[in-house]
Amino acid sequence: MANIPEKPSLDGIEQHWTERWEAEGTYRFDRTRGREDVFAIDTPPPTVSGSLHMGHVFSYTHTDTLARYQRMRGKAVFYPIGWDDNGLPTERRVQNYYGVRCDPTVPYDPAFTPPFRGDPPKNHHAIGVSRPNFIELCDELVAIDEQIFGAVLRRLGLSYDWTYLYSTIHDNARRASQRAFLRNLARGEAYTQEAPTLWDVDYKTAVAQAEMEDREVTGAYHKLAFHRADGAGDLLIDTTRPELVPACVALVAHPDDERYQPLFGTTVRTPLFEVEVPVLAHTLAEPDKGTGIAMICTFGDVTDVTWWRELDLPSRAVVARDGRLVADAPWITSADGQSRYAELVGLSAKQAQRRIVELLTASGELLGDVRPITHPVKFYERGDRPLEIVSSRQWYIRNGGRDAAIRAAMVARGGELTWHPAHMQHRYDNWVEGLNGDWLISRQRFFGVPVPVWYRLDGDGQPDHSAPLVPDESRLPVDPSTDVPTGYTEAQRGAPGGFAGDPDVMDTWATSSLTPQIAGRWEDDPDLFARVFPMDVRPQAHDIIRTWLFATVVRSHYEHGCAPWRHAAISGWILDPDRKKMSKSKGNVVTPMALFEQYGTDAVRYWAASGRPGVDTAFSEEQMKVGRKLANKLLNVSKFVLGFPVPAAGGGTVSNPLDEAMLTRLGAVVVEATAAFDEFDYARALERTEEFFWWFCDDHVELVKGRAYGADESAVTALRAALSVLHRLLAPFLPFTTEEVWRWWQDGSVHVSSWPVAPASGGDVAALDAVSSVLALVRRAKTEAKVSQRTPVSRCTVTAPAELLAALVVGTSDLRNAGSIAELATVEGPELTVAVELAPAPPAPAS
RNA sequence: GGGCGCUUAGCUCAGUUGGUUAGAGCACUUCCCUUACAAGGAAGGGGUCGUGGGUUCGAGUCCCUCAGCGCCCACCA
């Protein structure tokens, strides 16, 4: 049986067991099992254009411990992994890697080879390639990146079933994404609309509310004079965006503001451009901000959009999609106004501001000094310049941002989930209740899932957006830029009376919001889907509750009428040892692979699993060293216990009260660890197990060693029973080490063994405690005497209350063995003390 | 402005319905080559549990106040 190495080692166990698990199909999902026997996990697909960092290691380990626990509980664990290789991050990486950019006007070149593969020189000017060529490069590069990612995830010991690997850009994901969209469209949940949209002028794409973030930037207040139409003087307004004066459509003050009440309904002329605009009242205007009266422009910020909509104002957009001022502002009618505007045409917003300030200064309409301030401004989270608001046609999915009933339904769906930790639900509620618009899903980009519709063109070649042409689901996925709607021919593309494909792709969240459907092969494999959906858990980080989690709830709500999972397990972030979020720019990022090699995977997993659910956790190599110690200890104690002859075929009997008590104590640990895992609290399960494990090694094994050497049946049987339980309790955390030691004496993988049940209770826990206390005092006496623990004790006198002395009786011989005590005497007394007479030590060396 | 979380030893953190003298690991100090393990072991010092109140026989734990730190959301003229 036992095949125990002379000198057990952790070296190389990762590769060895990874290969064995792969060969043996240890983590293969058993798809014959019914939904009630399945534990399904909606794993976050990593963005392959980035790199795997310690944050992935951290949260992926958490999920893996849960998966391993559930597998040992007898569940068929559906634990697929996918790649999020779709969208803007991939485009950007391809541009940088190959030195190309996508130019849809360039024709496809089947023989194209990129100028570089990795690291183009800094002065290289990106060459334009066709959209199909660009997408081929995307496919090529993600395949390379995915190889590297796969190697890291396997090395981390994640128990995925790789046969269910998915990718958000491949056909099945595109099909699912387009199908879900078309069903949203058919039910009226998706719609297209021309509307003011948050816009990134560098990426030249619309951006969703969820992808927007505030940044503190410098700006300045400018006090401008608007001229009353009745000639009775000027109205002063403060603005940080004077370049938008040509886009001004009204002034607005609070209806209760007595300073401006007489002016409501009158008009003023704008500075420089002499456009007549009304003075209006709206409750969003704040009397104590600036001069209490604001200029409404189309569009300076989201409040402008509200005013524009609610006050039914005209649209006078001056900022174009490239962030520059448009060529024509026909609403400016005065000759002076026109000539001034002509100076601004083509300038960026920043340049225009500089010029307009000069013009205002010259005209005397800029009053007082420009007052610099810093203020929060909205940016696309990946962008470098402030977002503009431009009017454009986009696709939306209703998410409650414009409808209280839908919003309430989404909040209720969130409430159906069990959140771990519970307080993370507040973030969800907070976000959903604060939505101020529907979910914008279209993007003016290339590498993504196309919006799967076409538009009829009228006799003038103008598209009819009110009734899109949609493909039959059996045709999916489609690319409207190359596929033709049913009933049309390619020759009719772009021709009057013909059709035009929707030019946009869907945002990456519009596809990744369907990970349960994609991973579960919704509609492509209905049998599988029925066994895994709704899933048991979505593990993810807290920063994407508002995006990924919420979007997934929205899609599931509409398509399936239920929440997509039962639990949301939210992990924290990794902070560097200074408690700041780890970031590349600070140069404090360590690569996972280097740590696996230095400490061993199980040690790194131990650090990760020590981080409690949802709690931001410091990166700590010290913790990894502790994990390494734990793994080493497990090897050694296993070798020690298994080194004793097996007491009896079919198992011996545990009869000693101390042995029974140890198992009783272990039973309590099993109960606690099990309860903790059922609550998704892997960290507590580990902590309790570990605490017992060290006690077991340091105290119990030391105590019963003597009997074990003497082949005492009870001692060895109990040690082996405890070892079996410990191997399994630790298996979710230290999958490699536990597998290594388990296979020394058991058939098959520990990872498909059954989760331990509490050993039968019994024994004499009081005796075990009493013996432990006395042994600790004997050890202390030896330490204080500065002698080896092995030093013989000629006589040991234990003074203690009668009760304690009575408890000690069953452990007397173990105690004498463990303490090397020749003679043990007991005396009744008020409290526990131990007097030790050491056998004469050999003379110490002179130094 | 609204919300959430945190504050316990030098550091990182446990402390579940209130209940002996508040725990662990790391770090620090001392000792020990001892035949499972020196990549080890035995032991030690170190805390008025953020502030101020309250409830209670009893509060790290429950209630209120305040402060500091972190995060989410809103505001952005």
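Lettering of chains follows the sequences in order, A, B, ..., and the numbering in each one begins at 1. Computed from a predicted structure; not experimentally measured.
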Distance check, C1' atoms only: B:rG47 and B:rA22, in whole angstrom units.
8 Å

Without hydrogens or angle criteria, can the side chains of A:Glu672 and A:Thr689 be said to hold a donor-acceptor pair below 3.5 Å?
no

Using the P atom on both, measure B:rU35 against B:rC62 and round to a whole Å.
50 Å

Do any N or O atoms of the protein come closer than 3.5 Å to N or O atoms of nucleotides 42-46 of chain B, and which pairs are they?
{"unit_1": "B:rA42", "atom_1": "O2'", "unit_2": "A:Thr783", "atom_2": "OG1", "d": "3.0"}
{"unit_1": "B:rA42", "atom_1": "O2'", "unit_2": "A:Gln789", "atom_2": "NE2", "d": "2.6"}
{"unit_1": "B:rG44", "atom_1": "OP1", "unit_2": "A:Arg780", "atom_2": "NE", "d": "3.1"}
{"unit_1": "B:rG44", "atom_1": "OP1", "unit_2": "A:Arg780", "atom_2": "NH2", "d": "2.8"}

Side chains of A:Thr283 and A:His254: any donor to acceptor distance under 3.5 Å?
no

Which of these nucleotides, B:rC75, B:rA36, B:rG15, is closest to any side-chain atom of A:Lys705?
B:rA36

Can you check whether A:Lys633 has a side-chain N or O nearer than 4.0 Å to OP1 or OP2 of B:rG41?
yes

Assign each of A:Lys7 and A:Val302 to its nearest nucleotide of RNA chain B by heavy atoms, then name whichever residue's nucleotide is nearer the 5' end.
A:Lys7

Just so I know, are the side chains of A:Val279 and A:Val268 near enough to count as touching, which here means a heavy-atom distance under 4.5 Å?
yes

Looking just at side-chain N and O atoms, do A:His282 and A:Glu310 make a donor-acceptor pair shorter than 3.5 Å?
yes

What's the gap between B:rG19 and B:rG60 when it is taken at their P atoms, as a whole Å value?
9 Å

Does a donor on one side chain and an acceptor on the other come within less than 3.5 Å for A:Asp602 and A:Thr737?
yes

Please measure how far the P atom in B:rU7 lies from the corresponding atom in B:rA43, and state the result in whole Å.
30 Å

Counting side-chain heavy atoms from CB outward, which of B:rC37, B:rA77, B:rA74 is closest to A:Glu702?
B:rC37

Hey, mind stepping through A:His542 and A:Asp616 against side chain to side chain donor-acceptor pair (under 3.5 Å) and telling me if it holds?
CA-CA 10 Å; A:His542 53 65; A:Asp616 291 348; 3.2 Å; yes

Under 4.0 Å from any atom of RNA chain B, heavy atoms only: list the residues of residues 622-631 of chain A that qualify, in numerical order.
A:Glu622, A:Val626, A:Arg628, A:Lys629

First encountered from the 5' end of RNA chain B, between A:Val615 and A:Val641:
A:Val615

Taking only Lys NZ, Arg NE, NH1 and NH2, and the carboxylate oxygens of Asp or Glu, determine whether A:Glu365 and A:Lys223 approach each other closer than 4.0 Å.
no

Within the 4.0 Å heavy-atom criterion, would you say A:Glu672 contacts the bases, only the backbone, or no part of the nucleic acid?
base

Hey, what's the ring geometry for A:Trp745 with A:Trp742, parallel, tilted or perpendicular (30° and 60° as the breaks)?
perpendicular

For the side chain of A:Phe640, starting at C-beta, report the closest nucleotide among B:rA36, B:rA77, B:rU12.
B:rA36

Test log, rule side-chain contact (heavy atoms from CB on, under 4.5 Å), inputs A:Thr239 and A:Ile237
CA-CA 6 Å; A:Thr239 179; A:Ile237 65 107; 3.9 Å; yes

Residues in side-chain hydrogen bond (donor to acceptor under 3.5 Å, both in side chains) contact with A:Gln425, at least two apart in sequence or another chain
none

Once you apply the 3.5 Å cut-off to both distances, tell me the Watson-Crick or G-U wobble partner of B:rC71, or none.
B:rG3

Those residues of residues 212-226 of chain A lying under 4.0 Å from RNA chain B by at least one heavy atom
A:Asp214, A:Tyr221

Sort me out a list of protein N/O and nucleotides 4-9 of chain B N/O pairs below 3.5 Å, or just none if empty.
{"unit_1": "B:rC4", "atom_1": "O2'", "unit_2": "A:His423", "atom_2": "ND1", "d": "3.3"}

Give me the ring orientation class for A:Phe619 and A:Trp607: parallel if the planes are under 30° apart, tilted from 30 to 60°, perpendicular past 60°.
perpendicular

What integer number of Å spans the P atoms of B:rG52 and B:rG45?
28 Å

Starting the side chain at C-beta, find the nucleotide from B:rA36, B:rG3, B:rC37 nearest to A:Asn430.
B:rG3

If you take the centroid of each ring, where Trp contributes its six-membered ring, are A:Trp419 and A:Tyr428 closer together than 6.0 Å?
yes

Run A:Phe550 and A:Leu435 through side-chain contact (heavy atoms from CB on, under 4.5 Å) and show every step you take.
CA-CA 11 Å; A:Phe550 175 52; A:Leu435 288 169; 3.7 Å; yes

A:Asn636 side chain: which of B:rC37, B:rU34, B:rG41 is closest?
B:rC37

B:rG23 versus B:rA9 - spacing of their C1' atoms, nearest Å
10 Å

Would A:Tyr606 and A:Phe58 count as a close aromatic pair, with their ring centres under 6.0 Å?
no

With sequence neighbours excluded, what pairs up with A:Glu621 under the side-chain hydrogen bond (donor to acceptor under 3.5 Å, both in side chains) test?
A:Tyr599

How far, in whole Å, is B:rC69 from B:rC31 if one measures between their P atoms?
44 Å

Sugar-phosphate, base or nothing in reach of A:Ala785, heavy atoms under 4.0 Å
nothing

